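Down below is the structure, laid out as structure tokens.
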Amino acid sequence: MKQKSKIKIGTKFLFGVILIYVITLIFNFSFAKEAFLNFLLMSTKVIPLLGIVFVIMVFTNLYFTRERVDKYLGEKSGIKGWIYAIISGVIVSGPPYILYPLLGDLKKGGMKKSLLATFLFNRNVKISFIPVMIYYFGLNFTIVLSVYIILFSVLNGVIVGKIASNKS
Amino acid sequence: MNKKGWLNYKKSISKSVETIKSSLSIMFSILLLVSLIDLFGKDYYSKIFSGNLITDSIIGALAGSVSFGIPVTSYIVGGELLKEGVSLIAITAFIMAWSTVGVAMLPLESKYLGRRFSIVRNLTNFVFSIIIAITTIATLRFFQ
């Protein structure tokens, strides 16, 4: 249900952008044409990359099921929970509107807020998306950024956990 | 492959198809928009993004906070903006904020994870996006 409403937002957004193009087309045909050709050029680079993303995504979804995440990040995960929060944040894929209901269930089951924050922070390090990041920004950038995200995710989890748990 | 294994495989494929499919409209909309903005903004990027560590990262983080979609979209958009002359620090803050700060997703996050948690997490992540962008670029420069 949630997913359906998000797809609608995406479609509305697409129609909005098409409308902007139509307006541009009316006032400046060559400008709109140049922008659209630029878009086609970008798309030819993006589509093959999406194929790679898809293949890696299938394998991560195959091995990191909801049951496994639940087991490793549940109430009794202890110190290992931090490690699991980082690993699952990196591995579990999906847009936020798919992840939030899952995390909502885990929170009800006793998952710590700090682990929730750490999990969500590590969403930016996605194994399936790494080839795309390397393609655009290089290997050094990808390694440095990924390491910092993982390191800072723990600090982020501690801070968010402390502030969010303090009832005013 | 046994029946259970095949079913898991099928489930994984359909989940991945669904994720990619639901992201396509936003991804291509943003690429369309970037193509258009690029033509308008080419001459202004150098004025907006001066190369200052602080201001560039704040602008990048603000842009990432109001955008949404799976992280790979931010890499593609960021990569294209980089080619147009936007500074790497702004792009880093942009891709960090894209997936860790979600202004558009705040109501949904609040519903499932609580309002206080969502607000604190988003504000903290905004600051962290800037810190990580600065730290990453400083590290890359140090090793160059």
Side-chain angles (χ1 to χ4, degrees), chain A residues 2-3 6-7 10-11 13-14 16-18 20-21 24 31-32 34-36 38-39 42-43 46 49-50 53-54 57-59 61-62 93-98 100-101 103-104 107 113 116-117 120-121 123-124 126 129 132-133 135-137 140-141 144-145 148-149 152 156 159-160 163-164, chain B residues 8-9 11-13 15-36 38-39 68-72 75-76 78-80 82 88 91-92 95-96 98-100 102 105 108-109 111-114 116-117 120-121 124-125 128 131-132 135-136 139-140 143:
Chain A
K2 290 286 159 210
Q3 198 178 344
K6 286 300 149 194
I7 291 169
T11 313
F13 188 43
L14 182 62
V17 175
I18 290 170
I20 294 171
Y21 263 78
T24 313
F31 193 88
E34 197 183 337
F36 189 70
N38 194 17
F39 161 76
M42 280 188 206
S43 302
V46 168
L49 291 172
L50 283 179
V53 168
F54 175 75
M57 205 180 259
V58 168
F59 285 104
N61 284 335
L62 194 62
S93 62
Y97 42 88
I98 292 171
Y100 289 149
L103 293 173
K107 190 179 168 235
K113 286 175 181 171
L116 272 176
L120 286 168
F121 201 80
R123 275 190 67 235
N124 222 333
K126 280 280 158 282
F129 302 154
V132 183
M133 195 184 251
Y135 174 80
Y136 280 108
F137 306 106
N140 289 349
F141 176 88
V144 171
L145 182 64
Y148 278 135
I149 292 170
F152 276 102
N156 181 273
I159 294 171
V160 173
I163 301 173
Chain B
N8 284 340
Y9 203 71
K11 208 171 145 188
S12 171
I13 290 174
K15 191 186 168 192
S16 305
V17 168
E18 202 52 56
T19 305
I20 297 275
K21 211 172 82 183
S22 64
S23 310
L24 282 179
S25 55
I26 290 174
M27 190 180 289
F28 285 113
S29 305
I30 290 174
L31 284 181
L32 275 166
L33 210 54
V34 166
S35 305
L36 201 63
D38 266 357
L39 290 180
F68 57 95
I70 58 173
V72 72
Y75 305 162
I76 295 163
E80 296 304 327
L82 191 67
L88 187 58
I91 301 296
T92 313
I95 61 178
M96 275 304 303
W98 177 291
S99 58
T100 59
M105 296 288 167
L108 192 67
E109 185 179 346
K111 188 188 168 193
Y112 287 105
L113 305 178
R116 188 182 170 88
F117 173 85
V120 170
R121 193 189 73 81
T124 313
N125 286 1
F128 270 68
I131 294 170
I132 289 181
T135 320
T136 302
T139 306
L140 288 170
F143 286 108

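Heavy atoms only: backbone and side chains are in, while hydrogens, waters and symmetry mates are out. Everything quoted here is computed from the prediction, not taken from an experiment. A note on names: the letters A, B, ... follow the listed sequences, proteins ahead of strands, and every chain is numbered from 1.
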Per-residue tally against chain A (heavy atom, under 4.5 Å) across B:T139, B:I76, B:L88, B:V120 peaks at B:I76

Report the option among A:L145, A:L116, A:N156 that has the most heavy-atom pairs separated by less than 4.5 Å from atoms of chain B.
A:N156

Give the intermediate values and the outcome of side-chain contact (heavy atoms from CB on, under 4.5 Å) for residues A:F121 and B:M96.
CA-CA 9 Å; A:F121 201 80; B:M96 275 304 303; 3.7 Å; yes

Region of A:F137 that comes under 4.5 Å of a non-hydrogen atom in chain B:
side chain

Please walk me through it: do A:M133 and B:I95 pass side-chain contact (heavy atoms from CB on, under 4.5 Å)?
CA-CA 10 Å; A:M133 195 184 251; B:I95 61 178; 3.9 Å; yes

List the steps and the verdict of side-chain contact (heavy atoms from CB on, under 4.5 Å) for B:R121 and A:L120.
CA-CA 9 Å; B:R121 193 189 73 81; A:L120 286 168; 3.5 Å; yes

According to side-chain contact (heavy atoms from CB on, under 4.5 Å), who are the partners of A:I20, at least two apart in sequence or on a separate chain?
A:T24, B:L33, B:L36

Give a yes or no answer on whether the side chain of B:R116 reaches the backbone of A:A164 with a donor-acceptor pair at less than 3.5 Å.
yes

For A:V58, is there any backbone N or O sitting under 3.5 Å from a side-chain donor or acceptor partner on B:S12?
yes

Interface moiety of B:I13 toward chain A, non-hydrogen atoms closer than 4.5 Å
both

Mind checking the CZ-CH2 spacing from A:R123 to B:W98? Nearest 0.5 Å is all I need.
11.0 Å

So B:E80 and A:Y136, side-chain contact (heavy atoms from CB on, under 4.5 Å) or not? Walk me through it.
CA-CA 8 Å; B:E80 296 304 327; A:Y136 280 108; 3.3 Å; yes

For A:F141, is it the side chain, the backbone, both or neither that has a heavy atom under 4.5 Å from a heavy atom of chain B?
both

Go through B:T100, B:T135, B:T92, B:L82 and name the one with the most non-hydrogen pairs under 4.5 angstrom from chain A.
B:T135

Contact leader toward chain A among B:I91, B:I131, B:V17, where contacts are heavy-atom pairs under 4.5 Å:
B:V17

Which heavy-atom pair separates B:P71 from A:F129 by the least distance, and what is that distance?
CD-CE1, 3.6 Å

If we define contacts as heavy-atom pairs under 4.5 Å, which of A:N140, A:N124, A:I159, A:V132 has the most with chain B?
A:N124

Heavy-atom closest pair, residues B:S35 and A:A35
CB-O, 3.2 Å

Shortest non-hydrogen separation from B:F117 to A:A117 and the atoms involved
CZ-N, 3.8 Å

Looking at CG of A:L14 and CZ of B:F28, how far apart are the two atoms once the value is rounded to the nearest 0.5 Å?
10.0 Å

